[in-house]
Amino acid sequence: MMKKTEDLNKLFYGNDAAEKINKLKEGLIIIEKENSEYFENRVAKNKEKDRLHNHYLTITNAQGISFNFIAESDLDNDIRISCHKLFNDIFNPIS
């Protein structure tokens, strides 16, 4: 069964964009899992275990999607690079 967010992404942005957004979300989860020890050893501002989603934001609108890290993020640079690579591989592939 499809999640409501996926339904809304298809409705607002079309099937191709919705699939890419879903692929990005899945990829970011994989990056977090691959770096689980890093996140488990950090505490977020809300006093819970830190998570990758505490460090980035995506903006999706009619012009497309952007991916950026929040200004206060102290996320490891290698993880940042992995996230940017994932985003670019999905949304800006080199032909």
Considering all heavy atoms, the nearest [X]-[Y] contact:
X     : Y     : answer
Ile21 : Phe91 : N-CZ, 3.8 Å
Lys25 : Asn9  : NZ-ND2, 4.1 Å
Asp50 : Phe39 : O-CB, 3.5 Å
Thr58 : Leu24 : CG2-CD2, 4.2 Å

Checklist line | Residue pairs involving residues 53-75 (criterion salt bridge (charged side-chain N to carboxylate O under 4.0 Å, His left out); sequence neighbours excluded) | finding: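 For residues 53-75, and leaving out neighbouring residues, the salt bridge (charged side-chain N to carboxylate O under 4.0 Å, His left out) pairs sorted by first residue read Arg42-Asp74.
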
Check: With hydrophobic residues grouped by side-chain heavy-atom distances under 4.5 Å, do Ile65 and Leu8 end up in a single group?
Finding: yes

Check: Which other residues belong to the hydrophobic cluster containing Ile70, where Ile, Leu, Val, Met, Phe, Trp and Tyr are joined when side-chain heavy atoms lie under 4.5 Å apart, directly or via other members?
Finding: Leu57, Ile59

Notebook entry, point to check: Are Arg80 and Phe69 in a cation-pi setup, meaning NZ or CZ lies under 6.0 angstrom from the ring centre and within 45 degrees of the ring axis?
Noted result: yes

Which distance, rounded to the nearest 0.5 Å, do you find between the [atom1] of [X] and the [atom2] of [Y]?
X     : Y     : atom1 : atom2 : answer
Leu86 : Ile81 : CG    : CD1   : 13.5 Å
Leu28 : Arg51 : CG    : CZ    : 11.0 Å
Ser73 : Asn68 : OG    : CG    : 11.5 Å

Note to self: Can a side-chain donor-acceptor contact be found between Glu19 and Asn15 if the only test is distance below 3.5 angstrom?
What the structure shows: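 No, no side-chain donor-acceptor contact under 3.5 Å.
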
Notebook entry, point to check: Backbone N or O of His84 within a donor-acceptor pair of the Asn88 side chain at under 3.5 Å?
Noted result: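 The answer is yes, because a donor-acceptor pair under 3.5 Å joins these two groups.
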
Check: Is a donor on one side and an acceptor on the other found under 3.5 Å between the side chain of Ser82 and the backbone of Asp78?
Finding: yes

Taking side chain as C-beta onward, heavy atoms only, is [X] less than 4.5 Å from [Y]?
X     : Y     : result
Cys83 : Phe67 : yes
Leu52 : Leu75 : yes
Tyr38 : Ile79 : yes
Asp16 : Lys20 : yes

